[in-house]
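Worksheet: one structure, shown below.
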Amino acid sequence: MSDKKVRVRFAPSPTGPLHMGGVRTALFNYLFAKKHGGEFILRIEDTDQTRFVPGAEEYIIESLNWCGLTPVEGPGIGGKFGPYRQSERKELYKNYADKLVESGWAYYAFDTPEEIEALRKDAEANKETFSYGIGTREQLNNSLKLSPEIVQQKIEAGEAYVIRFKMPENTDISEDDLIRGKVTFNTTKSLDDKVLFKSDGMPTYHLANVVDDHLMEISHVIRGEEWLPSMPLHVLLYKALGWEETKPRFAHLPLILKPVGKGKLSKRDGDKMGFPVFPLQWTDPKTGDVSRGYREDGYFPEAFINLLALLGWNPGTEQEFFTLEELGEIFSLERVVKSGSRFDPEKAKWFNKHYFQQKSVDELATLFTPVLKEKGIDAPAEKINAVVAEIKERCEFVSDIWEQSSYFFVAPNEYDAKTVKKRWKEDTPAKLSEIAGIFEKVKDWNANSIKDSFSAFMNQKEWGFGVVMNPLRLALVGGNLGPDLFVICELLGKYESIGRIKAAIEKI
Ligand code: GLU
């Protein structure tokens with residue numbers, strides 16, 4: 001690596017919620033910066049006013065914060081290369097576009113959108129695709145064809161124009177991608193004359209992106225594979241602007257693929273298979289449609305980060321669990337693969353389970369308390385802790401805690417029909433009545449002493465344990481589930497346990 005200070009940026013466009021692939025791009029940039037003692041920057045690329053979505057920028061920032069990927073410079077943070085929102089840097093791009101025209105690397109084009117559309121249609125009718133560039137530009141309405149006087153007149157008359165890059169003819173553009181190795185594009189075969197500056201006074205992505213990467217002294221451009229086709233244009237822009245010496249290195253990350261079938265992971269896959277593709281829940285400001293998020297679905301950010309890290313990167317060992325800090329020590333672009341990596345929603349849950357199990361009972365109880373409050377349940381902290389300790393092992397998500405433990409907080413008002421049919425016999429009520437009587441007499445209400453009194457009584461009666469234990473469980477929890485029965489009794493308390501036995505005798 002060169003001795004240039006490592007400065008990387010995450011440069012999303014606020015056109016909607018951030019896809020998990022976008023979060024992975026941010027993560028890899030963040031880790032690369034950490035690994036090299038560099039700086040991770042957030043830049044908002046909002047020059048396409050037609051695609052601006054209100055709330056998207058806030059969403060992006062909140063997502064990064066939730067994941068712990070905090071930039072050192074960015075909108076709302078500041079930094080000496082600011083502003084970090086391209087719409088606020090608007091004034092500075094035109095100058096560079098003009099320079100490119102002056103040096104012959106770009107030209108003014110006056111073709112209206114309608115004219116271009118007509119050319120596109122004509123080409124289509126001949127089963128061809130229209131491209132504004134090497135083969136066509138000499139015949140079109142631009143400063144390559146028109147005389148300088150006419151061009152001057154048009155501009156002075158206020159005619160709308162764009163500035164296009166003039167792709168050099170038949171040139172091979174090669175660049176060493178840090179993940180893909182040498183990548184070569186031929187200008188005539190694959191590259192058109194991209195618009196750099198639009199008639200609305202805004203730069204396009206290409207110009208603003210390159211200008212800002214240069215001005216912000218970005219050392220490495222790490223971004224998704226979908227930007228690989230833009231690389232030759234960007235490389236040429238560095239050359240045209242005289243910035244070749246300090247041009248950043250490029251690394252294009254592999255796609256994240258659908259769990260099944262071909263193609264990249266989309267929101268539709270998530271909807272179909274029931275998993276989120278966005279870090280946080282998102283409500284579309286136009287339609288009001290709500291898309292689920294990892295956070296709201298109960299994932300821990302540690303789990304989300306861990307699973308993203310392994311989509312396209314591997315440590316070269318068997319290790320699968322990593323903290324953000326550990327990743328920042330061992331991450332390297334050399335271990336990022338070229339080919340797409342398949343997302344596995346089951347594995348995502350498995351990661352969450354791991355981090356869930358790692359949490360202390362106290363932490364989980366703290367997370368579970370609001371769930372109870374929302375249900376109008378105000379239980380003492382010791383009880384919540386004790387319940388969580390009992391059922392923790394059976395859970396992957398905080399939401400599972402309620403599923404596994406609701407009967408500790410609310411008495412059953414229904415009894416599982418199958419269990420009733422199998423376990424509730426004619427003499428069950430009489431037997432349970434006697435048990436309730438035994439429970440009344442237990443002095444120290446804890447699992448051990450309840451068990452002792454119960455066992456002594458059972459031995460004396462010579463009743464089979466199953467004959468009583470199963471309907472007793474049914475009476476206390478409403479079904480055939482839960483941990484040790486005497487532990488349940490202890491946590492429910494004496495009067496609640498006895499009350500539930502009596503209620504079951506009445507209701508079943
Ligand atoms: N604004 C682009 C995006 O939305 C940035 C691509 C890049 O990193 O160059 O992804």
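Any value given below was found using the heavy atoms of this structure, including those in side chains, with hydrogens, waters and symmetry copies removed. Because the structure is predicted, anything quoted here is derived from the model rather than measured. First listed ligand is number 1; within each ligand, the first listed atom is number 1.
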Practice task
Go through the steps to decide whether N142 and D111 satisfy the test side chain to side chain donor-acceptor pair (under 3.5 Å), and finish with yes or no.
Solution key: CA-CA 7 Å; N142 57 44; D111 321 78; 5.1 Å; no
- [ ] Could you go through the side chain to side chain contact (heavy atoms under 4.5 Å, CB included) check for D362 and N385 one step at a time?
- [x] CA-CA 6 Å; D362 269 350; N385 271 48; 2.5 Å; yes
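With respect to K194 and D192, a salt bridge is recorded, a charged nitrogen being found less than 4.0 Å from a carboxylate O. Using a cut-off of 4.0 Å between Lys/Arg side-chain N and Asp/Glu carboxylate O, E138 and K145 are scored as not salt-bridged.
Of the protein's heavy atoms, A11 O, 3.3 Å lies nearest to atom 2 (C) of ligand 1. Nearest protein heavy-atom contact of atom 8 (O) of ligand 1 is R9 NH1, 2.7 Å. Given atom 1 (N) of ligand 1, the protein heavy atom at minimum distance is E45 OE1, 2.6 Å.
Ligand-side atoms of ligand 1 in range of N209: 7 (C), 9 (O), range being under 4.0 angstrom from any heavy atom. Ligand 1 places these atoms under 4.0 Å from at least one heavy atom of Y205: 2 (C), 5 (C), 6 (C), 7 (C), 9 (O).
Note that R335 lies outside the cation-pi zone of F331, set by a 6.0 Å cut-off to the ring centre and a 45° limit from the axis.
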